[in-house]
Amino acid sequence: MHIWKHFSTITRHRHKVIAHCYKAGILWQGLFHDLSKYSLTEFIPGARNYLGDESPNVKEREQYGFSRAWLHHQGRNKHHFEYWVDYDEELNCKKPVEMPTKYLIEMFCDRVAASKIYYGSDYDEKKPYEYFDKGRKRRWMHKETSRKLEELLIMLRDKGEKETFSYIKNVVRVEGKKDKAHWK
């Protein structure tokens, strides 16, 4: 069990997300980011399967074929695209639905922060896009959500953090708020 290491990792990650959410204009949302990771359902498996350079959910999946901690987490945190899957009565199956803008912004902040934590000194502004691109074939995300996230990750890669967060705060967030149904 790596209680202190896991606690330290998730807390450092959370603090980076809060800082990114502040830059993106969604501080309040950032303050509540990933609180479920401190629940016993997620924390104990995280401490037990701590890896340091990637999510402990990877190790839990290797052991059991799935991760209880991840299922709990993604079902309670709207900044994960996996949360946004619903039943389509016409198709008679589940399908991804488009994420509301404020959760898309938080997802971006989360991915950048995770890259900084897991890559450490090897982090650069290309890493979040490279990670996104690497998982393209196995990801089941609404095509518009995917397109918007990719656009932001490419902007980060090509123009840097300062310009990207300014764009998110002043353009993406503002446009998202105009669509009240999607901002809630």
Side-chain angles (χ1 to χ4, degrees), residues 10 12-37 42 54-55 57 67 69-88 94-119 123-184:
I10 63 174
R12 284 185 303 117
H13 166 73
R14 190 167 172 275
H15 288 172
K16 285 194 183 301
V17 174
I18 292 168
H20 292 331
C21 285
Y22 172 75
K23 292 178 187 178
I26 58 167
L27 173 61
W28 188 250
Q29 197 171 322
L31 293 173
F32 291 93
H33 178 82
D34 275 358
L35 290 177
S36 70
K37 284 188 178 180
E42 294 180 36
E54 63 182 329
S55 171
N57 298 332
S67 170
W70 172 247
L71 291 173
H72 184 271
H73 186 73
Q74 59 109 23
R76 283 157 183 77
N77 293 278
K78 296 177 183 180
H79 65 276
H80 289 288
F81 67 86
E82 295 91 345
Y83 178 96
W84 297 95
V85 174
D86 200 3
Y87 186 75
D88 184 317
K94 289 184 176 183
K95 70 172 189 176
V97 296
E98 187 174 358
M99 286 177 77
T101 303
K102 68 181 182 178
Y103 300 117
L104 172 70
I105 294 169
E106 186 180 354
M107 178 170 57
F108 172 83
C109 294
D110 184 42
R111 285 169 175 262
V112 174
S115 291
K116 288 178 177 180
I117 294 297
Y118 289 130
Y119 286 110
Y123 173 81
D124 61 42
E125 291 171 337
K126 296 173 186 164
K127 294 288 194 244
Y129 175 77
E130 289 170 356
Y131 183 80
F132 173 85
D133 191 47
K134 185 173 73 174
R136 186 179 304 276
K137 290 181 180 154
R138 60 182 160 79
R139 188 172 42 246
W140 196 41
M141 184 187 302
H142 187 275
K143 66 179 180 177
E144 195 59 20
T145 299
S146 183
R147 184 195 64 74
K148 289 176 181 178
L149 178 60
E150 184 170 17
E151 178 183 299
L152 294 174
L153 293 169
I154 288 171
M155 179 181 262
L156 174 69
R157 180 193 71 194
D158 297 347
K159 297 185 178 182
E161 247 186 54
K162 187 175 182 179
E163 190 170 333
T164 304
F165 279 113
S166 177
Y167 174 76
I168 290 169
K169 184 176 185 175
N170 298 307
V171 178
V172 175
R173 191 175 133 269
V174 172
E175 290 298 317
K177 279 191 165 189
K178 288 179 184 176
D179 182 5
K180 293 288 184 194
H182 232 155
W183 187 256
K184 291 181 183 177

Self-check item: Salt-bridge criterion met for D88 and K95 (N-O under 4.0 Å)
Solution: yes
Quiz item: How long is the span from the NZ atom in K169 to the OH atom in Y22, to the nearest 0.5 Å?
Solution: 6.0 Å
Quiz item: Rounded to the nearest 0.5 Å, how far does CG of L149 lie from CD1 of I154?
Solution: 9.5 Å
Quiz item: Nearest 0.5 Å, what's the OG1-CZ distance between T164 and R157?
Solution: 11.0 Å
Self-check item: Main-chain N/O of Y129 paired with D133 side-chain donor or acceptor, under 3.5 Å
Solution: no
Quiz prompt | Separation of I18 CD1 from F32 CZ (nearest 0.5 Å) | solution = 10.0 Å
Self-check item: C21 and its side chain to side chain contact (heavy atoms under 4.5 Å, CB included) partner, picked from I26, L31, L27
Solution: I26
Quiz item: Counting N and O atoms only, with roles assigned by atom type, does the side chain of R139 sit under 3.5 Å from a partner on the main chain of F132, one being a donor and the other an acceptor?
Solution: yes
Self-check item: Check ion pair E125-K159 (N to O, under 4.0 angstrom)
Solution: no
Quiz item: Under a 4.5 Å cut-off applied to non-hydrogen side-chain atoms, are P100 and W84 in contact?
Solution: yes
Self-check item: CE-CE distance between M141 and M107, expressed to the nearest 0.5 angstrom
Solution: 4.5 Å
Quiz item: If you measure only the distance, is there a donor-acceptor pair under 3.5 Å linking the side chains of H13 and D110?
Solution: yes
Quiz item: In this structure, are over 12 heavy atoms from other groups packed under 6.0 Å from Y118 atom OH?
Solution: yes
Quiz item: So, does R173 use its side chain to make a donor-acceptor pair with the main chain of I168 at under 3.5 Å?
Solution: no
Quiz item: Would E151 and R147 pass as an ion pair if we require N to O under 4.0 Å?
Solution: yes
Practice problem: Using the side-chain contact (heavy atoms from CB on, under 4.5 Å) rule, take H33 and H79 through it: C-alpha gap first, then chi angles, then the decisive distance, then the call. | Solution: CA-CA 9 Å; H33 178 82; H79 65 276; 3.1 Å; yes
Quiz item: Is a side-chain donor or acceptor of T145 paired with a backbone partner of M99 at a separation under 3.5 angstrom?
Solution: yes
Quiz item: Is the closest side-chain donor-acceptor distance between D34 and H73 under 3.5 Å?
Solution: yes
Practice problem: Determine, for Y119 and K127, whether the Lys NZ or Arg CZ falls below 6.0 Å from the six-membered ring centre while staying within 45 degrees of the axis. | Solution: yes
Quiz item: Could E161 and K116 be called an ion pair, given the rule that one side-chain N must be under 4.0 Å from one carboxylate O?
Solution: yes
Exercise. For residues F108 and F165, establish whether the separation of their ring centroids is below 6.0 Å.
Key: yes
Practice problem: Determine, for E150 against R136, whether the closest basic-nitrogen to carboxylate-oxygen distance falls under 4.0 angstrom. | Solution: yes
Quiz item: Are the side chain of S146 and the backbone N or O of H142 linked by a donor-acceptor pair below 3.5 Å?
Solution: no
Quiz item: Which pair of heavy atoms, one from L153 and one from P128, lies closest together, and at what distance?
Solution: CD2-CB, 3.7 Å
Quiz item: Are Q74 and H80 linked by a side-chain donor-acceptor pair shorter than 3.5 Å?
Solution: no
Quiz prompt | CD-CG distance between E42 and N77, expressed to the nearest 0.5 angstrom | solution = 6.5 Å
